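Small disclaimer: the values here were computed from a predicted structure and weren't measured. Position 1 is the first residue of the sequence; numbering continues from there.
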Amino acid sequence: MSDCMIPSLPYDPQTLPRELARHYIPAAEEDIRLMCAAIGVSTLDELFRHIPAQVRMHGPLALPEELAYGDLYHHMVEQSRKNHLADVSFVGDALPHYHVHDLVPFVASLRELLTAYTPYQPERSQGTLMTHWLYQSCLAALTGFEAINVSQYDRATALVEALHTAARISRHTRTHFLLAGSLFPQDVEVVQTLISGTALSVDIVPLDPERGTVALETMQAYATAAAEPLAGIVFSQVNSLGCLEDVDSLTDLAHELGAQAIAVVDPMLLATGGLKPPAAFGSDDRGADVLVGEGQPLAIAPHFGGPGLGVFGVRLNAAHKQDIRSAPGRFVGAGYDEAGREAKLLVLSTREQHIRRQKATSNICTNQGFVTTLAAAGILGRGEQGMQASCARARTAAQAAARELIRFPGVKLAFLDTAFWNAFTLALPRSSAEMIEAARQRGVHLGVDVSSRIPGSSGNHLLLSFSDLHAQAQVDALIACLTDLLGTRSEPEADFLPAVPAAYLRRDAAQLPTWDEAELREFFTALSAQNISPDLTCYPLGSCTMKYNPYLNEVVAVLPGFAELHPEVPLQDAQGTLEVLYHIQEYFKAITGLAAVTTQPVAGAQGELVGLKLFQAYHRSRGETQRDIVLIPHSAHGTNPATATMAGFETVQRGGEIVSGVVEIDAATSGQMNLEHVRQLLAHYAGRIAGMMITNPNTSGVFELQFQEVAEMIHADGGLVYMDGANMNAIAGWVDLGALGVDAVHNNLHKTWSIPHGGGGPGDAIVAVSERLRPFLPGMQVVKTAEGYAVERPPQSIGSVHRHFGNVAHKIRAYTYLRALGREGVRRMSAVAVLAARYLHQRLKPYFPTLPEEQDDSPRMHEFIITLPAETFARLESGGISRTKAVGLFGKFFLDFGFHAPTVSFPEAEGLMIEPTESYTKTELDRFADAVILMLRLVNEKPSILTTVPHFTPVDKIDDVSANKQVILSEHLTNLPAVLPNRRAPEQLAQMSLEAIADAIRKASAAKLGSGVSG
Ligand SMILES: Cc1ncc(COP(=O)(O)O)c(C=O)c1O
């Protein structure tokens, strides 16, 4: 391929300090030598010498040689071109494909929005919080729902969460649901997979093959026949055959039965002039109770199915004051800072896994945050008129096509009397599969074969979907293709397309704002400046691995060949992406030392859920359904116990003793698992343990030296071992998880494997498993055959955890990263990450005690926990600042020096967990260490300085108590919100000497104390 065929990069990598560094490690060999010398090792290998030899990996990994930057870009462009995009496509089905507004790629290029962490430090995250707020407000305008969360993974998993929410609203007195048989089968499969083994149950109510919808009478009959009161009825507005359901009657029925009306909608079609918003469903306008939808098309192209955007909402009004307490996920609320400035912050967090652990409303942690940011950009870029136009265009194209297509010999609308909007099902004179293939050869992706969705179909049903990408030209191309296949059309007949009943339509305007695009660009740019990016400086969030996210990955992921590819096109046309997925499977087998891999899960927590579902399936296959205990150390991340609950391991206590569910393993004084306690638990729950979940290295940054021994004990009892791989950045390429005894592990791609955090997601996960779990893997395995890449379902698969193939765009990013690392880079990456952490720890140890106490000598891996010295705590306490408050405030002090805060109060209440990663030079690490030491000096000098932190962010400390008392989750958007500037931007702080920053802090603090603003 010649260079002229390769699009030029939209940035100059020479100007980016980390982009061209080998393996994205900017530390020079001399830096590495000096850091090694400082901590007393002579080679990187020595960093791992305390890990038992029998579980260590030796030598380079079985990965291809690393590719140089330019070659890598060429390789990825070529790879993307192995996919074939059709000239025109009518494949939409479970994932409609709309035009991506120009504002979206612009916002995606704003690095402080793209690469920032979840906005747990609101003073340094107003940019992300505002974009999420805009998303919530736009979706509230479109749907009428008062409480939209900032995302679930996708529509299918949002549906699972909706069932859990409805059951919780009934206080688990109702756990049975009716699901319309016209929902997308992909979603239904995810629901069935994820609720198996839990208290929830569903009946699928068959659709009426004459009408293409679910008949109310059938739904009623199922409700009457149900052995228990219903928790909810689930139905979609536009169903999987393109037909419009009678949402009013279905909502009324749910309400008559005292059940929740759970509505599945396509948000794109709720614009002004479109379909009725779910808040108005029902004859009495009470509306649906829980809302679910797929928002990916609001923001981005199909990307072979992911990242998606699970839209989820509940009501928050006089009739539904408490439902929100049962809802999953994050909500952004409105509040004020100490000086009375308007600010945004996360609210209602006490429902979430990081606080309530096994009692949380859901295990979701990383969500699809950045897709919500892009959805806000997509909606606001279009504005009120643009959204209306997109919705209308989809409708007009569908009608124009339907009118013409039914003139072909033997072609009919499958459901003559049923209204449709932008998709319809045809009955064809030949088999759909045959027609799809014939059209494919003519450059047309004709649609999706939906014959299996219609009872009695003879294999000739085809669903065609339309969007704002379709106009008369695309309809003409479709007609030309079908003329070629079916012959000439008959004369047009009087228009007898089914009319859409007035009751199905939106009555009022959505009233989205219409803002100028140039102003929006400035606005989003200003928002991004309120955040901070790991591009700039060490982002020390322990357990989160905030490493550098290569620019190249972003360019590659949106190459049209990858981005425009729909997950339901014929697989011959998706060979480029399938090949990437195949290699990802192979690479992660090599990296983990395990037997097989699934690329379907989309976040760490979902990987955990997959792991436990696999454990259940394995035990079931052996007839061991009595295994109802999961062992988890106390120090584990909150997602671990929350996942166990979601998987069906509900914790039940009797007489102070846990009889089923999550049982905690104590920590030994070493900070590692207490072996004696594990022995006791194994004796107590013998034969009942489904598995254990262990984070390794653990959340104190210590490698669990007895992991293998414990794994053997668990296996001897018939249980299985899940390793939470959030901390793989410490051990990738050095530890053989197979030898360690791991049965399943997730790798968070948004941590170790360089995917940006996006202000809270989308993340991604790859789950690797041992041989015994291979037959049960979810979704499809990509296999290499003589004809190319194909997909295969494992023989005893648990089902699916994603409606398609997972967050494929992230797999493209991770693959690109892995090709840059190659055989040697993975080991070098983790070794330098460990080196950086040990070096920093060495520098800070003389000033700060390490936690867990008395464990200064356990070698730390990629992160370490420090706390304030006793005398500093004492001085702060005498000034009225409690120890835990002091730790939180000291975390905010980092913001003053242009850093993000470390992870505070997890897993140690008084801890500051620091993880520097391999992405910074020794000079940068030294400046960071000097800054932290200086912070301590400043606090010792004047403890009250902590009461005024942070000093330079756009807002001061935010009053979260008031914001949680009166929860406000959206606004009617009129004028562009004001964006407060940084008082000193992180870039500016990075240029200042530390002493100059200290002086500025002293002055700012004195001014605040003088004006009475302090907390
Ligand atoms: C140790 C650990 N386990 C699990 C998770 C959950 O992963 P995710 O946020 O990708 O769902 C995290 C996320 O921060 C983590 O740090």
Stepwise side chain to side chain contact (heavy atoms under 4.5 Å, CB included) check, His862 with Ser830:
CA-CA 8 Å; His862 61 301; Ser830 28; over 6 Å; no

Verdict with supporting geometry, Thr157 and Asp154, side chain to side chain donor-acceptor pair (under 3.5 Å)
CA-CA 6 Å; Thr157 47; Asp154 48 45; 2.7 Å; yes

Would you check, one step at a time, whether the test side chain to side chain contact (heavy atoms under 4.5 Å, CB included) holds for Met829 with Asn729?
CA-CA 8 Å; Met829 160 198 98; Asn729 211 48; 3.5 Å; yes

Test His841 against Arg838 for side chain to side chain donor-acceptor pair (under 3.5 Å), laying out the working first.
CA-CA 5 Å; His841 189 206; Arg838 285 223 194 130; over 6 Å; no

Please evaluate residues Thr599 and Gln585 with respect to the criterion side chain to side chain donor-acceptor pair (under 3.5 Å), reporting the C-alpha separation (whole Å), side-chain torsions for both, the decisive distance (0.1 Å), and the verdict.
CA-CA 7 Å; Thr599 58; Gln585 291 171 184; 5.0 Å; no

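Lys613 contributes a side-chain N or O that, together with a main-chain N or O of Ser196, makes up a donor-acceptor pair within less than 3.5 Å. Within the 3.5 Å criterion, the main-chain N or O of Ala116 finds no donor-acceptor partner in the side chain of His757. Checked by atom type and distance alone, the side chain of Asp743 pairs as donor or acceptor with a backbone atom of Val721 at under 3.5 Å. One N or O on the side chain of Asp736 and one on the backbone of Gly738 form a donor-acceptor pair closer than 3.5 Å.
Taking 4.5 Å as the limit, some side-chain heavy atom of Arg860 sits within range of a side-chain heavy atom of Val702. Using a 4.5 Å heavy-atom threshold, the side chains of Ile766 and Lys811 count as touching.
For Glu704 and Asn698, the side-chain atoms include at least one donor-acceptor pair closer than 3.5 Å. In this structure, a donor-acceptor pair under 3.5 Å is absent between the side chains of Ser621 and Gln796. At a cut-off of 3.5 Å, with distance as the only test, no side-chain donor of Tyr618 or Arg627 sits close to an acceptor on the other residue. In summary, the side chains of Glu915 and Ser543 do not present any donor paired with an acceptor at a separation below 3.5 Å, with no hydrogens or angles considered. Donor-acceptor pairing under 3.5 Å is recorded for the side chains of Gln54 and Gln708. Remark: the Gln121 side chain and the His900 side chain contain no N/O donor-acceptor pair separated by less than 3.5 Å. Using modelled atom types and a 3.5 Å distance limit, the side chains of Asp535 and Thr115 yield no donor-acceptor pair.
Within the cation-pi definition used here (under 6.0 Å to the ring centroid, within 45° of the axis), Arg56 does not qualify as a partner of Trp734.
With rounding to the nearest 0.5 angstrom, the OG1 atom of Thr193 is 13.0 Å from the NE2 atom of His802. One finds the CD atom of Glu918 at 11.0 Å from the CZ atom of Arg18 (value rounded to the nearest 0.5 Å).
Salt bridge Lys784/Glu579: absent, no basic N to carboxylate O contact under 4.0 Å.
Taking the six-membered ring where tryptophan is involved, the planes of Tyr24 and Tyr548 are tilted, since the angle between them lies from 30° to 60°. Ring geometry, Tyr815 versus Tyr587: the interplanar angle falls under 30°, so the pair is classed parallel (tilted spans 30 to 60°).
The one candidate from Gln358, His634, His677 that meets the side-chain hydrogen bond (donor to acceptor under 3.5 Å, both in side chains) condition with Glu664 is His634.
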